[in-house]
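Structure first, commentary second.
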Amino acid sequence: MEKDNLIKQLKEIVKHELNTQEQLRNRLKKHQLQHPVQQWDGHKITIYQTENFFEPGQDIAIIFDSKYTKPLLEDFSVNAEIPLIAIPDFPVTPPYHTHEFFEFFYVYQGKCYSTIEGQYREFQQGDICLYSLQSVHNIIKPEETDIIFNILIRPSLLKETFLTMLADNNPITHFFVDSLQDKELENPYMLFHCEPGSSIEFYLQKMIVEYFSNKSNEGTQKYLKILLLGFLTQLAAEYGKELDLEQLDLTQIQIMEYISNHYADGTLAKMAEYFHYSPRNMIYYLHKHTGKKFSELQKEARIQAMKRLLSTTKMPVSKIAEEVGYSIKFASTVFKQEIGMTMSQY
């Protein structure tokens, strides 16, 4: 009964937002929606600021997102106080951007596309994606029937409360911690899928209904935190089940053998494919068995190979750099940093 009622409430929320664009209209009225811009890889990157998405006292905010904007455009087309340029007007490609906060997006209906750090991905109904704080991305809804919800989380909530409640060996916890500490991430996002009727779907949809039904209620944020903790715990549990299904009793020896044989042209994706893991789970097993990332292990193997070739052959340094998969300039820099002398001196 509760499940049926939840589905009914969610459909009513979607219908209301599509017909009125109430949430986006209120945001446009309250905020200028002006964000700082910086350059990244030849693109202008917009930094989405917290105050434009969270109300005072909110640690969790949920944004309804759809390509369908006709009611909003009709309403604001004659309003001189709010320029149309501030309103998403597709099919213009949304800007690349980062956040001052964490974001999950949930594909409630249809599909969407996201370019994340140059990786182009399609997401289908039921998919959930978590972006890191550093992730440069955009997101496109190709059809007016495509609907997503964005769950936004203040970093302070994770620092002060949640990370102490989640298990230390939880890959999601590691993702949050590394992002909060601005560490280099093998993947700038985590991808999950919630099956219809699953606990993950229940927590997610319960959060959405609670937020849109009681936005101004102070107790709503407390309840949302409880639901979010349950949601993250369920995600971690499902993630653990995936690892059990993929378990191949991978050992540290197998990992190091692969790195030693493929340091010149290997990638995380190729390694994951070789061992029949998903890239996400490959990251987990690398950390479990070595405590390091693929890039760190690859660099160590390349350094050892350069030392061996310098000691046992008469190959020129340019050829050695090429042999290990580096440019001569980068090889020289890395070798000097790690060994304390130039390749020629060595």
What are the two closest non-hydrogen atoms of [X] and [Y], and how far apart are they?
| X | Y | value |
| --- | --- | --- |
| Q234 | I200 | CB-CG1, 3.8 Å |
| P279 | L268 | O-CD2, 4.3 Å |
| S114 | F123 | CB-CE1, 3.6 Å |
| I328 | A321 | CA-CB, 3.8 Å |
| I320 | M315 | CD1-O, 3.6 Å |
| N150 | I148 | OD1-CD1, 4.0 Å |

**Request:** Evaluate the criterion side chain to side chain contact (heavy atoms under 4.5 Å, CB included) for residue pair I283 and F175; output intermediate values, then yes/no.
**Result:** CA-CA 11 Å; I283 293 170; F175 183 88; over 6 Å; no
May I ask you to test the [X]-[Y] pair for a side-chain heavy-atom distance under 4.5 Å?
| X | Y | result |
| --- | --- | --- |
| Q9 | F212 | no |
| Y211 | I13 | no |
| L152 | I62 | no |
| L157 | L228 | yes |
| Y106 | M207 | no |
| L18 | S66 | yes |

Under 3.5 Å, is there a donor-acceptor pair between the side chain of [X] and the main chain of [Y]?
| X | Y | result |
| --- | --- | --- |
| Q125 | V107 | no |
| R121 | Y113 | no |
| H16 | V14 | no |
| Q221 | I60 | yes |
| N261 | E257 | yes |
| R302 | V324 | yes |
| K270 | D265 | yes |
| S135 | S132 | no |
| Q304 | A301 | no |
| E122 | C112 | no |

Could you list the residues that satisfy ring-ring contact (aromatic ring centres under 6.0 Å, His included) with [X], not counting sequence neighbours?
| X | result |
| --- | --- |
| Y189 | none |
| F104 | F231 |
| F330 | Y326 |

**Message:** Any salt bridge linking E338 with K299? Criterion: basic side-chain nitrogen under 4.0 Å from a carboxylate oxygen.
**Reply:** yes
**Prompt:** Salt bridge or not for K292 and E300, using N-O below 4.0 Å?
**Reply:**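 Looking at E300 together with K292, the answer is yes, because their closest N to O distance falls below 4.0 Å.
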**Asked** Applying the 4.5 Å side-chain criterion to the ILVMFWY set and letting contacts propagate, would L6 and I151 be lumped into a single cluster?
**Response**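 Linked, L6 and I151 end up in one cluster.
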Within this structure, what is the [atom1]-[atom2] distance for the pair [X] and [Y], rounded to the nearest 0.5 Å?
| X | Y | atom1 | atom2 | answer |
| --- | --- | --- | --- | --- |
| Q337 | I303 | CD | CD1 | 9.0 Å |
| L10 | E201 | CG | CD | 9.0 Å |
| I172 | L235 | CD1 | CG | 4.5 Å |

**Request:** Decide side chain to side chain contact (heavy atoms under 4.5 Å, CB included) for F192 and D127; before the verdict, give the C-alpha distance in whole Å, the side-chain angles of both, and the deciding distance to 0.1 Å.
**Result:** CA-CA 6 Å; F192 309 90; D127 284 343; over 6 Å; no
**Asked** With no hydrogens and no angle check, do the side chains of S179 and Q134 hold a donor and an acceptor under 3.5 Å apart?
**Response**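 Side chains of S179 and Q134: pair found under 3.5 Å.
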**Request:** Could you walk me through whether T115 and H137 pass side chain to side chain contact (heavy atoms under 4.5 Å, CB included), step by step?
**Result:** CA-CA 5 Å; T115 301; H137 60 275; over 6 Å; no
**Message:** Centre-to-centre under 6.0 Å for F101 and F54, is that the case here?
**Reply:** yes
**Request:** Mind running side chain to side chain contact (heavy atoms under 4.5 Å, CB included) on S332 and T342 for me, showing each step along the way?
**Result:** CA-CA 7 Å; S332 300; T342 66; over 6 Å; no
**Message:** Please verify the inter-ring angle class for Y131 with F105; under 30° counts as parallel, over 60° as perpendicular, anything in between as tilted.
**Reply:** tilted
**Request:** Quick one: sort the Y258 and H262 rings into parallel, tilted or perpendicular, breaks at 30° and 60°.
**Result:**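 Parallel: the ring planes of Y258 and H262 meet at under 30°.
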**Request:** Could you tell me whether E273 atom CD has more than 12 heavy atoms of other residues or ligands within 6.0 Å of it?
**Result:** no
